[in-house]
There are 2 protein chains.
Amino acid sequence: MVEHCEPSLNQAFAALADPTRRWLVARLRSRGESTVTALAGPLPMSLQAVSKHLVVLERAGLVRRRRAGREHRVALEGRALKAVAEWVNEYQRFWEDRLDALAAHMERQALEIERTDPKEHQQ
Amino acid sequence: MVEHCEPSLNQAFAALADPTRRWLVARLRSRGESTVTALAGPLPMSLQAVSKHLVVLERAGLVRRRRAGREHRVALEGRALKAVAEWVNEYQRFWEDRLDALAAHMERQALEIERTDPKEHQQ
DNA sequence: TATTCACTCAACCATTCGGTTGACTATATC
DNA sequence: GATATAGTCAACCGAATGGTTGAGTGAATA
């Protein structure tokens, strides 16, 4: 849109926004490479739905697959995850330095005011 | 869905999947607290559209607003960003430890072999 | 060869998303 | 009080999402 529009980040964030897909990613992390049916097993949806989720993850670069006979082996792919982490980690200071503590303090103060003088702050 | 479905993460990732919203977040980081109209200024869309984007960011906990007279001051909120970073950083080893280096090495080696002895490795 | 197995493709459906325009509310200013 | 300013709310629209079912493809197996 206005420059900051790296399409890969769009796809990666969008892919990770779905809990089923995050579960798939987590599963691949904890148990390593897997097949589509094995991944679909515990999930309360059709195999086709899982397959579609994997396509989304693959297009986002979060996962890669290779055919092995009649089954597709799916594995985690680091690069897109790295890009996401790098983007997010740029904002580290917003939760770990004193600005955060200050904000927390101001919030507490605001709540205090609300509690003591509700008429001026209702809603 | 299967337990790993923290709704806040859903909303945060979904919010960050849109380039306009990432731009808003970046803007708030670089220039600090701002009003809705000021944020909307450079963006090629209506004020209402920007307002809706800010609602999404707010519901995701990425941003907070406070009224100041007739204008709404919007600022970055660290917590949701922190949650996202924490989730993503769990996957650090998938791009930074020796498995990655090994993969890169093998890839380089494969290319090298291809280049020096193409007949034995033609796809 | 016939059949099962692993998986994708295609069509469909309801819901959500990102944008628009128009009307409204509330604060500031003349 | 009249008017401009800052912003939301509501209705609408087209496109994308997340799921379904049914059919098709290609590899393993009997």
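All of these numbers come straight from a predicted model, not from anything done at the bench. In what follows, chains are A, B, ... by sequence order, proteins preceding strands, each numbered from 1.
Partners of B/R31 under the side chain to side chain donor-acceptor pair (under 3.5 Å) rule, at least two apart in sequence or in another chain, do not exist in this structure. Applying the side-chain contact (heavy atoms from CB on, under 4.5 Å) rule to A/E86 yields the partners A/K82; only residues at least two apart in sequence or on another chain are considered. The side-chain contact (heavy atoms from CB on, under 4.5 Å) search around B/A17 returns A/F13, A/A14, not counting sequence neighbours. With sequence neighbours left out, the salt bridge (Lys or Arg N to Asp or Glu O under 4.0 Å) criterion links A/R67 to no other residue.
Clustering ILVMFWY residues whenever any of their side-chain heavy atoms sit less than 4.5 angstrom apart, transitively, puts B/L24 in a cluster other than the one holding B/V56.
Look at CG on B/L54: it is 7 Å from P on D/dT8, rounded to the nearest Å. To the nearest angstrom, P of D/dT20 lies 11 Å from CG of A/L43. Rounded to an integer number of Å, the gap from CZ of A/R73 to C1' of C/dC5 is 15 Å.
Pairing each heavy atom of A/L57 with each of A/A15, the nearest pair is CD2-CB, 4.1 Å.
Candidate nucleotides D/dT20, C/dG19, C/dT8 were compared by shortest atom distance to the side chain of A/S51, and C/dT8 ranks first. Of the candidate nucleotides D/dT20, D/dG7, C/dG19, D/dG7 has the atom lying nearest to any side-chain atom of B/L47.
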Using a 3.5 Å cut-off and no angle test, enumerate the donor-acceptor pairs between side-chain atoms of residues 38-54 of chain B and protein atoms at least two apart in sequence or in another chain.
unit_1	atom_1	unit_2	atom_2	d
B/S46	OG	B/A49	N	3.1
B/H53	ND1	B/R21	NH1	3.2

Distance-only criterion, 3.5 Å: show the donor-acceptor pairs between side-chain atoms of residues 58-65 of chain A and protein atoms not counting sequence neighbours.
unit_1	atom_1	unit_2	atom_2	d
A/E58	OE1	A/R65	NH1	3.1
A/R64	NH1	A/L76	O	3.1
A/R64	NH1	A/E77	OE1	3.1

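Taking 4.5 Å as the limit, every side-chain heavy atom of A/V84 sits out of range of all side-chain heavy atoms of B/W87. Proximity of B/D18 to A/N10: side-chain heavy atoms (C-beta onward) are nowhere separated by under 4.5 Å.
Remark: the backbone N or O of B/L16 is paired with a side-chain donor or acceptor of B/R22 at under 3.5 angstrom.
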- Item | Candidate pair A/E71 and A/R73, rule side chain to side chain contact (heavy atoms under 4.5 Å, CB included), full reasoning | CA-CA 6 Å; A/E71 59 191 22; A/R73 301 267 172 77; 3.0 Å; yes
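Rotation axes derived from the C1' atoms of the five outermost pairs at either end of the helix from C/dT1-D/dA30 to C/dC30-D/dG1 lie 10° apart, to the nearest 10°.
Sorted by first then second residue, the salt bridge (Lys or Arg N to Asp or Glu O under 4.0 Å) pairs that include residues 32-42 of chain B, not counting sequence neighbours, are B/E33-B/R66.
Interatomic distance, B/R70 CZ to B/T35 OG1, rounded to the nearest 0.5 Å: 11.0 Å. To the nearest 0.5 Å, atom CZ of residue B/R29 and atom CG of residue B/L81 are 9.5 Å apart.
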Write out a two-atom table: protein N or O, nucleotide N or O from nucleotides 12-18 of chain D, distance below 3.5 Å.
unit_1	atom_1	unit_2	atom_2	d
D/dG18	OP1	A/R21	NH2	3.2
D/dG18	OP2	A/R21	NH1	3.0
D/dG18	OP2	A/R21	NH2	3.4

N/O contacts under 3.5 Å, protein versus nucleotides 14-16 of chain C?
none

What's touching nucleotides 23-30 of chain C from the protein side, N or O pairs under 3.5 Å?
unit_1	atom_1	unit_2	atom_2	d
C/dT27	O3'	B/R70	N	3.4
C/dT27	O2	B/R70	NH1	3.4

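Remark: A/T35, A/V36, A/T37 in residues 31-40 of chain A come within less than 4.0 Å of DNA chain C through at least one heavy atom.
Looking at heavy-atom distances under 4.0 Å, A/R65 makes contact with sugar-phosphate atoms alone, never a base.
Remark: A/S46 is in phosphate contact with D/dT20, judged by side-chain N or O atoms under 4.0 Å from OP1 or OP2.
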